[in-house]
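First the structure, in the form of structure tokens, and then the observations on it.
These numbers come from the heavy atoms of this one structure, side chains and all, not from hydrogens, waters or symmetry mates.
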Amino acid sequence: MSANRFTFNEQLWKLGNQIENEIHPHLEEYLNVKLDRTDNLYEIMDFHSPDKKVFVEIKGRRVSSKRYDTTLLTCNKVLEAEKLKANDPEVKVFIFFCFTDKTMYIELPDERPDWLMRYTGTHSIPHFLIPVSDLKEFEGVEIKSNQDI
């Protein structure tokens with residue numbers, strides 16, 4: 001067995017990059033802040049403002065927003081957000097979910113909601129199950145990279 005128990009899915013990584021590239025200018029306009037892309041594959045958040053007060057994570061979804069009542073988010077994203085916010089109460093963290101039919105988002109609150117947690121996903125790691133009903137629609141933004149899946 002290799003030292004890395006996870007296999008890298010280059011096809012999904014490329015799709016994720018396409019989605020991130022497509023949504024990037026819309027995020028800057030909506031959040032009214034310049035966002036630098038995090039090019040380190042192992043960085044927890046995809047974008048951050050130069051002053052590190054705004055962080056954004058993009059999650060591509062290969063299903064419509066109506067398919068499930070919840071959507072998955074690895075626990076490490078939420079734990080990192082909590083750490084960032086604890087170090088600076090002015091920090092804002094947004095998670096955008098690019099479903100095949102629409103893009104939705106949540107600004108992570110200062111206090112974590114009572115989300116269920118489950119070991120699941122490709123590698124059976126801990127994920128929070130975020131109710132889709134807790135998400136807001138990112139109106140007027142259509143992510144074409146994710147629609148032909």
Short side-chain donor-acceptor distance under 3.5 Å, Thr100 and Arg61: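 Not at all, the side chains of Arg61 and Thr100 share no donor-acceptor pair under 3.5 Å.
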Judged by modelled atom types alone, do His24 and Glu28 share a side-chain donor-acceptor pair under 3.5 Å?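 There is such a pair (donor and acceptor under 3.5 Å, judged by atom type) between the side chains of His24 and Glu28.
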Is a donor on one side and an acceptor on the other found under 3.5 Å between the side chain of [X] and the backbone of [Y]?
X: Ser49; Y: Leu35; answer: no
X: Lys53; Y: Lys92; answer: no
X: His48; Y: Asp46; answer: no

Identify the heavy atoms of [X] and [Y] that sit nearest to each other, and give their distance.
X: Asp134; Y: Ile106; result: O-CD1, 4.1 Å
X: Ser65; Y: Lys102; result: OG-CE, 3.4 Å
X: Glu137; Y: Tyr105; result: O-CE2, 3.9 Å
X: Lys85; Y: Pro109; result: CE-O, 3.6 Å
X: Ile58; Y: Cys98; result: CG2-SG, 4.0 Å
X: Ile44; Y: Lys77; result: O-NZ, 2.7 Å

Using a 4.5 Å cut-off on heavy atoms from C-beta on, say whether the side chain of [Y] contacts that of [X].
X: Trp115; Y: Thr70; value: no
X: Ile125; Y: Asn76; value: no
X: Val54; Y: Val91; value: no
X: Arg112; Y: Leu79; value: yes
X: Asp69; Y: Val132; value: no
X: Phe94; Y: Leu108; value: no
X: Phe47; Y: Phe55; value: no

Do Ile130 and Met117 sit in one hydrophobic cluster, given that two such residues count as connected whenever their side-chain heavy atoms are within less than 4.5 Å of each other, even indirectly?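 Yes, because Ile130 and Met117 connect within a single hydrophobic cluster, where side-chain heavy atoms sit under 4.5 Å apart.
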Is there a side-chain contact (heavy atoms from CB on, under 4.5 Å) between Val93 and Glu107 once you walk through the steps? CA-CA 6 Å; Val93 179; Glu107 179 180 352; over 6 Å; no
Quick one: name the residues clustered hydrophobically with Leu116, using the 4.5 Å side-chain heavy-atom rule over I, L, V, M, F, W, Y, and just say none if it's on its own.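 ILVMFWY cluster around Leu116 also holds Leu72, Leu129.
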Could you go through the side-chain contact (heavy atoms from CB on, under 4.5 Å) check for Ser64 and Phe99 one step at a time? CA-CA 5 Å; Ser64 83; Phe99 294 98; 5.6 Å; no
Run the numbers on Phe96 and Thr103 for side-chain contact (heavy atoms from CB on, under 4.5 Å), then give the verdict. CA-CA 7 Å; Phe96 284 77; Thr103 299; 4.2 Å; yes
Tell me whether Arg37 at atom CZ has more than 12 heavy atoms from other residues, nucleotides or ligands lying less than 6.0 Å away.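 Result for CZ/Arg37: enclosed.
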